[in-house]
Amino acid sequence: MSSNEFFQRWLAPDKGRLWLVATVVGVRPECSDATTLRLELPVPADFVAGQYYLVRMRIDGAPGVVEQAYSVSSSPWPPSSKIEITIREIPDGRASPLLARQVGEGDQIHLHGPFGSLTWNEADGGPLLMIGAGSGAAPFASIVRFASARHSTVPMALLCSSRDRASILFREPLEELDRCQDQLSVIHTFTRSPRDLSAHFHRRIDASMINEVIGKLSSWDPAPLSLLIAGPLEMVASARQACQALGIEGGRINYELHA
Ligand SMILES: Cc1cc2nc3c(=O)[nH]c(=O)nc-3n(C[C@H](O)[C@H](O)[C@H](O)COP(=O)(O)OP(=O)(O)OC[C@H]3O[C@@H](n4cnc5c(N)ncnc54)[C@H](O)[C@@H]3O)c2cc1C
């Protein structure tokens with residue numbers, strides 16, 4: 001097959017944009033309200049840890065097609081044609097309940113991408129502080145997994161805000177990486193489970209919490225840190241404000257809204 005024939009096969013007639021037809025090769029529950037889909041792409045996946053794809057689908061009762069963004073939660077290393085995306089179900093949403101509950105192995109999903117600049121690569125160095133809430137943990141799972149796969153020694157901390165223990169995204173894999181990697185610290189805050197002592201904090205992310213986590217990172221490496229923030233608008237806005245109040249320059253803060 002010529003390369004032109006190959007791409008014609010995967011080019012959906014949509015404004016000339018290239019949509020990859022990926023096949024679902026695995027489905028697993030990730031936490032109480034999220035599901036991870038393992039997708040096989042028709043070409044090697046070529047993304048940087050932290051990037052996302054647009055997912056397109058036709059939904060019964062909805063006009064046209066729905067496109068939503070989903071971060072890759074798996075590592076780009078070692079190279080592979082398989083990626084994972086993790087969908088947190090929004091009960092009244094159009095796309096997420098379908099993707100989280102009704103997609104099965106063998107189904108095909110249209111993807112466009114990758115996109116996004118909320119990324120980390122080895123050349124970026126560190127120390128690195130990642131702050132995530134809700135689906136904002138997904139790009140950071142990719143970054144932490146990538147750093148581990150590359151045996152990186154860059155100090156990293158991931159501050160995750162969840163309602164409670166059952167709704168932590170990637171709890172087991174992140175806890176495992178935290179145990180095995182001296183330079184990684186995964187820190188949880190619960191917003192609705194005040195008595196669960198498996199979290200370090202029990203409130204929304206604020207300046208004093210960020211300062212405490214920065215103190216831990218700085219004790220490993222006093223170099224100026226970089227910050228990545230992802231999640232719902234309210235959390236991203238307050239975390240950015242908190243960082244700026246702590247004197248962290250805007251240029252060192254990169255963020256992504258997940259709504
Ligand atoms: C760059 C980027 C990366 C993203 N990565 C992920 C990811 O890895 N995993 C993931 O699950 N989602 C991710 N999202 C969010 C995702 O794109 C969808 O917005 C989400 O799945 C809801 O889509 P829906 O069609 O189900 O809801 P919609 O039909 O669009 O919305 C239904 C209702 O839910 C509200 N709503 C929409 N999104 C959210 C939200 N995130 N939280 C709370 N309420 C919401 C809307 O205001 C509306 O009231 C990402 C978004 C962006 C922009």
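Ligands are counted one by one from 1 in listed order, and the atoms in each one are counted from 1 as well. If you're wondering where the values come from, they're calculated on a predicted model, not measured in any experiment.
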Could you list the residues that satisfy side-chain contact (heavy atoms from CB on, under 4.5 Å) with V154, not counting sequence neighbours?
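Only W120, S152, M156 meet the side-chain contact (heavy atoms from CB on, under 4.5 Å) criterion with V154.
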Sequence-distant partners of H188, ring pair (Phe, Tyr, Trp, His ring centres under 6.0 Å), two or more places apart
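In terms of ring pair (Phe, Tyr, Trp, His ring centres under 6.0 Å), with neighbours along the sequence ignored, H188 is linked to no residue.
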Provide the full list of salt bridge (Lys or Arg N to Asp or Glu O under 4.0 Å) pairs with a residue in residues 120-149, sequence neighbours left out, each pair given once.
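Salt bridge (Lys or Arg N to Asp or Glu O under 4.0 Å) check on residues 120-149 returns E122-R150.
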I85 CD1 to Y52 OH distance, which is reported to the nearest 0.5 Å:
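Result: 14.0 Å between the selected atoms.
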Decide yes or no for N254 and S117: does some side-chain heavy atom of the first lie under 4.5 Å from some side-chain heavy atom of the second?
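Yes, their side chains come closer than 4.5 Å.
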Could you tell me, for ligand 1, which of its N or O atoms are under 3.5 Å from any protein N or O, listing the pairs and their distances rounded to 0.1 Å?
{"from": "ligand 1", "atom 1": "5 (N)", "to": "S71", "atom 2": "N", "distance (Å)": "3.3"}
{"from": "ligand 1", "atom 1": "5 (N)", "to": "S71", "atom 2": "OG", "distance (Å)": "3.2"}
{"from": "ligand 1", "atom 1": "5 (N)", "to": "H258", "atom 2": "ND1", "distance (Å)": "3.4"}
{"from": "ligand 1", "atom 1": "8 (O)", "to": "S71", "atom 2": "N", "distance (Å)": "3.1"}
{"from": "ligand 1", "atom 1": "9 (N)", "to": "T86", "atom 2": "O", "distance (Å)": "2.8"}
{"from": "ligand 1", "atom 1": "11 (O)", "to": "R88", "atom 2": "N", "distance (Å)": "2.7"}
{"from": "ligand 1", "atom 1": "12 (N)", "to": "S135", "atom 2": "OG", "distance (Å)": "3.4"}
{"from": "ligand 1", "atom 1": "14 (N)", "to": "A69", "atom 2": "O", "distance (Å)": "3.2"}
{"from": "ligand 1", "atom 1": "17 (O)", "to": "A69", "atom 2": "N", "distance (Å)": "3.2"}
{"from": "ligand 1", "atom 1": "17 (O)", "to": "A69", "atom 2": "O", "distance (Å)": "2.7"}
{"from": "ligand 1", "atom 1": "21 (O)", "to": "Y70", "atom 2": "OH", "distance (Å)": "2.7"}
{"from": "ligand 1", "atom 1": "23 (O)", "to": "Q68", "atom 2": "NE2", "distance (Å)": "3.1"}
{"from": "ligand 1", "atom 1": "25 (O)", "to": "Q68", "atom 2": "NE2", "distance (Å)": "2.7"}
{"from": "ligand 1", "atom 1": "25 (O)", "to": "R94", "atom 2": "N", "distance (Å)": "3.3"}
{"from": "ligand 1", "atom 1": "25 (O)", "to": "A95", "atom 2": "N", "distance (Å)": "2.8"}
{"from": "ligand 1", "atom 1": "26 (O)", "to": "R94", "atom 2": "N", "distance (Å)": "3.4"}
{"from": "ligand 1", "atom 1": "26 (O)", "to": "A95", "atom 2": "N", "distance (Å)": "3.4"}
{"from": "ligand 1", "atom 1": "26 (O)", "to": "S96", "atom 2": "N", "distance (Å)": "2.9"}
{"from": "ligand 1", "atom 1": "26 (O)", "to": "S96", "atom 2": "OG", "distance (Å)": "2.6"}
{"from": "ligand 1", "atom 1": "29 (O)", "to": "R94", "atom 2": "N", "distance (Å)": "2.9"}
{"from": "ligand 1", "atom 1": "29 (O)", "to": "R94", "atom 2": "NE", "distance (Å)": "2.8"}
{"from": "ligand 1", "atom 1": "30 (O)", "to": "Q68", "atom 2": "NE2", "distance (Å)": "3.0"}
{"from": "ligand 1", "atom 1": "30 (O)", "to": "R94", "atom 2": "NH2", "distance (Å)": "3.0"}
{"from": "ligand 1", "atom 1": "41 (N)", "to": "H258", "atom 2": "O", "distance (Å)": "2.8"}

Is it the case that atom CZ in R101 sees more than 12 heavy atoms from other parts of the structure closer than 6.0 Å?
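Count not over threshold, so no.
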